[in-house]
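Notes follow once the structure below has been shown.
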Amino acid sequence: MESKNSTPKRWFKLDNAAKIYPAASRRSWNALFRLSATLSEEIDPEILAKAQEAILPRFPTFSSRLRHGFFWYYLEQNDASPEIQQDFANPCVPMNLKKNKRFMFRIRYHGKRIAVEFFHVLSDGTGGLIFLKTLIAEYLRLRYGADIPRGNGIFDCSEEAKPEELEDAFLKFARGRGKSRREADSFFLKGTDEKHDFINITTGIIPVSELLQRAKELGVSLTEYLTAVMILSLDSIQRKRRKKGRSLKPIKICVPINLRKLYPTNTVRNFASYANPGIEPSLGKFSLEEVARTVHHQMHLELNEKQLNAKFSTNVNSEKNPILRIAPLFIKNAAMKFVFYTVGDRKTSSSISNLGAVSLPAEMERYVERMDFILGPLSRTRVVCGVLSYKDKLYINFTRSIKESVLEREFFSRLVKSGIHVKIESNLFSKED
Amino acid sequence: MSYCVNCGVELESSEKVCPLCETEVLNPRSPWSEPSDLPYPKRREYSSRKLKKRFFAELLSALLLIPIFICFLCDLIATGNISWSLIVFGGCALFFVWLVLPLYFKKTNTAAYLAAAYISTLLFLFCLAIPAGGAWFFKYALPITLCAEFFVSLIVLIFKRRKVTFLFGTCLILFASGVFTVCVEVILGLSSLPKLSLVWSPFALIPCVALSLAALFIDSRLKLKEEIRKRLFF
């Protein structure tokens with residue numbers, strides 16, 4: 001006989017974008033990303049643990065574990081308490097879910113910094129940022145008694161989670177008309193694999209105003225400018241490494257696009273699409289102005305609600321396909337692994353994910369000195385880039401799973417040559433030779 | 001503040017060499033020294049790299065489908081219907097139950113596994129016997145299989161109940177094998193009762209018994225065991 005106090009565990013279906021991650025995860029690609037905030041004082045882990053405990057009920061999808069159904073994976077309420085961990089030199093190491101008490105995020109601290117690493121099943125960068133901001137707000141409230149106003153991306157933990165925050169926005173807004181995913185393979189950077197799971201993090205700290213000025217001179221946005229510089233850097237590397245008789249491959253950069261700006265949703269789950277602007281180096285050598293204009297126009301073509309809707313509708317159509325739906329999970333996993341291997345990140349040379357300007361309430365801003373966004377390494381793409389700006393400084397974090405830092409060098413050298421001041425920080429000192 | 005003379009970028013105080021080009025930081029006005037607060041801790045994390053059992057099981061299962069599919073296809077093309085390819089299917093199914101199915105479970109229940117293995121073996125043999133009328137199944141296959149299953153279950157039970165050394169385990173298996181060969185000859189000779197004679201099985205039984213006794217003898221003599229181990233280790 002069921003106990004009166006036992007309530008069924010809350011559960012959720014994975015959102016449309018999240019479905020690929022458990023299936024396609026492999027040793028070289030674990031779909032992790034990391035958001036961190038550097039405060040003005042050393043972190044107190046006990047207070048951080050209390051802050052974590054306070055915010056988890058507000059984020060029910062984050063306080064869940066991944067389970068196998070017969071047809072699909074799903075998220076189920078996880079009643080365990082995740083541990084606050086000390087940080088490591090090499091972030092975004094594949095998550096051992098068993099050791100992590102089945103949670104798909106981990107909160108780490110080092111010195112004055114709080115970092116949260118997320119498995120992409122839970123959310124995207126925007127959703128992760130809401131989680132981090134709410135965590136920091138709770139931490140500051142508990143530690144300093146700071147009264148942080150809630151709203152604008154900081155949740156009130158005394159409230160219940162709202163249904164619109166947990167919705168699968170892809171399913172809600174897809175209109176059924178899809179488009180082909182066909183694209184040519186791009187040039188990708190090869191190098192010597194780093195050993196023992198070491199990931200190189202190179203951070204470039206740049207005054208936002210200088211970068212914005214350069215972008216404005218070319219009539220493009222900051223993201224478009226950075227994408228253009230990245231494309232030219234890769235182009236330069238490809239030309240230097242090109243073997244005789246081999247043609248130059250296209251260079252494209254994956255730029256995630258936050259769909260929340262186009263649709264009325266407050267979801268904290270995945271809701272992003274992407275654009276792949278790029279150039280054909282076989283047509284000739286492009287100047288920065290030409291690449292920037294090309295990227296600008298390609299982005300504007302893609303940044304069209306109908307185009308983006310068609311893109312994610314293709315994935316939603318796959319999810320709704322009756323034959324695919326009744327296929328057992330192990331067949332779906334095998335199929336998705338195969339699709340990821342053949343398509344995956346082969347279409348782009350690298351990725352720039354820009355979370356934009358992070359704004360915090362004044363009551364919070366005085367305690368938070370810096371924020372960072374780091375992507376976990378991808379499978380074929382060995383160097384990727386996470387960007388955000390905070391307090392007039394742009395933090396460009398390169399993640400690299402190979403030893404050679406050619407792309408970062410090309411990239412930052414170009415910025416320096418155009419008169420932009422760049423400060424570099426890395427985790428190189430902690431690498432064993 | 002220091003700058004890389006090669007790249008032109010400013011370097012954080014934690015950087016001993018430029019992360020972009022690995023040029024050493026040489027600032028005569030402020031020689032490099034490790035700062036007290038580093039941006040990243042020095043300790044590294046390592047992921048556990050065990051090959052997932054489940055993935056291996058799924059891979060094997062998928063690979064088994066290949067011969068089944070090819071044989072079905074060849075059978076259909078050659079004969080116009082499914083005939084001999086069913087034997088291939090049965091064999092693959094048997095392989096699956098014996099070796100692949102246990103990989104899907106975190107903990108294997110020995111009794112359940114043995115039961116599944118026995119039933120699947122009998123079913124396979126029965127399916128083989130059907131086209132020929134099924135007579136040899138009940139006369140020979142069933143009793144021999146049941147006999148084999150009896151000996152296997154006995155050995156597994158002994159292994160589970162007590163600590164079994166390598167030599168004692170060898171002794172058990174050899175002895176059981178010898179006795180099993182006698183049982184096989186008896187079963188095969190049941191049709192010629194009452195003139196039952198053991199012809200070939202003693203040639204298997206005697207060496208098996210001799211070797212098993214030798215193994216038991218060595219196992220009981222610690223000094224002899226050590227001496228053999230010293231001379232034969234590799």
Side-chain angles (χ1 to χ4, degrees), chain A residues 26-27 30 38 42 68 85-96 98-99 108-113 196-206 330-331 333-334 337 372 398 400 405-413 415-417 420-432, chain B residues 1-25 27 32-66 69 96 100-101 103-107:
Chain A
R26 37 206 291 210
R27 288 184 189 184
N30 285 270
T38 307
E42 296 272 322
H68 292 84
Q85 304 166 16
Q86 283 205 343
D87 206 356
F88 289 89
N90 49 332
C92 297
V93 164
M95 228 180 250
N96 185 326
K98 209 173 172 183
K99 280 187 184 168
R108 291 178 164 178
Y109 71 96
H110 166 73
K112 298 176 189 176
R113 185 177 63 221
H196 309 305
D197 300 312
F198 192 82
I199 310 244
N200 291 287
I201 307 293
T202 310
T203 311
I205 306 163
I206 299 168
F330 75 91
I331 291 180
N333 281 347
K337 271 191 206 305
D372 287 279
F398 276 91
R400 190 176 86 241
S405 56
V406 281
L407 179 56
E408 290 97 310
R409 175 136 202 278
E410 275 288 338
F411 182 87
F412 288 119
S413 298
L415 293 180
V416 166
K417 281 174 193 166
I420 297 170
H421 180 265
V422 178
K423 192 174 189 183
I424 296 288
E425 181 190 86
S426 78
N427 66 345
L428 185 65
F429 59 84
S430 53
K431 189 162 79 168
E432 290 155 13
Chain B
M1 76 184 91
S2 297
Y3 283 78
C4 175
V5 296
N6 199 17
C7 304
V9 294
E10 188 187 345
L11 297 168
E12 274 284 2
S13 54
S14 53
E15 307 303 319
K16 193 177 178 185
V17 297
C18 173
L20 305 182
C21 64
E22 296 190 5
T23 302
E24 205 181 329
V25 172
N27 187 345
W32 187 85
S33 62
E34 192 176 290
S36 53
D37 56 340
L38 293 164
Y40 293 91
K42 285 190 176 176
R43 65 196 196 116
R44 289 175 56 169
E45 188 177 16
Y46 301 92
S47 66
S48 50
R49 288 190 169 249
K50 279 185 236 171
L51 186 65
K52 282 183 196 167
K53 218 165 79 163
R54 202 188 164 91
F55 167 73
F56 189 57
E58 287 171 1
L59 180 67
L60 276 177
S61 307
L63 286 174
L64 276 175
L65 290 172
I66 299 171
F69 175 71
F96 176 82
V100 180
L101 193 59
L103 297 176
Y104 279 96
F105 300 96
K106 281 180 190 163
K107 285 181 188 170

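Letters A, B, ... mirror the listed sequences (proteins, then strands); counts begin at 1.
Rounding to the nearest 0.5 Å gives a distance of 12.0 Å between CG of A:Leu415 and SG of B:Cys7. Interatomic distance, CG of B:Leu20 versus OG of A:Ser426, reported as 8.5 Å (0.5 Å rounding). The distance from atom OG of B:Ser2 to atom CD1 of A:Ile424, rounded to the nearest 0.5 Å, is 13.5 Å. Rounding to the nearest 0.5 Å places CG of A:Asn427 at 8.5 Å from CD of B:Glu15. Here the CG atom belonging to B:Asp37 is positioned 6.0 Å from the NZ atom belonging to A:Lys112, to the nearest 0.5 angstrom.
Each of A:Met95, A:Glu408, A:Arg113 has some count of heavy-atom pairs under 4.5 Å with chain B, and the biggest count is that of A:Arg113. Taking B:Pro39, B:Cys21, B:Cys4 one by one and counting their heavy-atom pairs under 4.5 Å with chain A, the maximum is reached by B:Pro39.
When heavy atoms are compared at a cutoff of 4.5 Å, A:Thr203 approaches chain B solely by way of its side chain, counted from C-beta outward. With a 4.5 angstrom heavy-atom cutoff, A:Val422 touches chain B via backbone and side-chain atoms both. Proximity to chain B (any heavy atom under 4.5 Å) is shown, for A:Gln86, by both the backbone and the side chain. Heavy atoms of B:Leu59 lying under 4.5 Å from chain A are absent altogether. Neither the backbone nor the side chain of A:Leu407 comes within less than 4.5 Å of any heavy atom of chain B.
Judged by the 6.0 Å and 45° rule, B:Arg44 forms no cation-pi pair with A:Phe88.
When side chains are defined from C-beta on, B:Asn6 counts as touching A:Arg409, because their heavy atoms get closer than 4.5 Å. The side-chain heavy atoms of B:Glu12 and A:Ile205, taken from C-beta on, include a pair separated by under 4.5 Å. Annotation: side chain of B:Tyr40 is in contact with side chain of A:Ile201 (closest heavy-atom distance under 4.5 Å).
At least one donor-acceptor pair under 3.5 Å links the side chain of A:His110 to the backbone N or O of B:Leu38.
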Run the side-chain contact (heavy atoms from CB on, under 4.5 Å) check on B:Tyr46 and A:Val93 step by step: do they pass?
CA-CA 7 Å; B:Tyr46 301 92; A:Val93 164; over 6 Å; no

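For the pair A:Thr202 and B:Pro19, the tightest heavy-atom approach, listed with the atom from each and the gap, is CG2-CB, 4.3 Å.
Heavy-atom contacts from other residues, nucleotides or ligands closer than 6.0 Å to CZ of B:Phe69 number 12 or fewer.
Note on A:Arg108 versus B:Glu45: salt bridge recorded, some NZ/NE/NH1/NH2 to OD/OE distance being below 4.0 Å.
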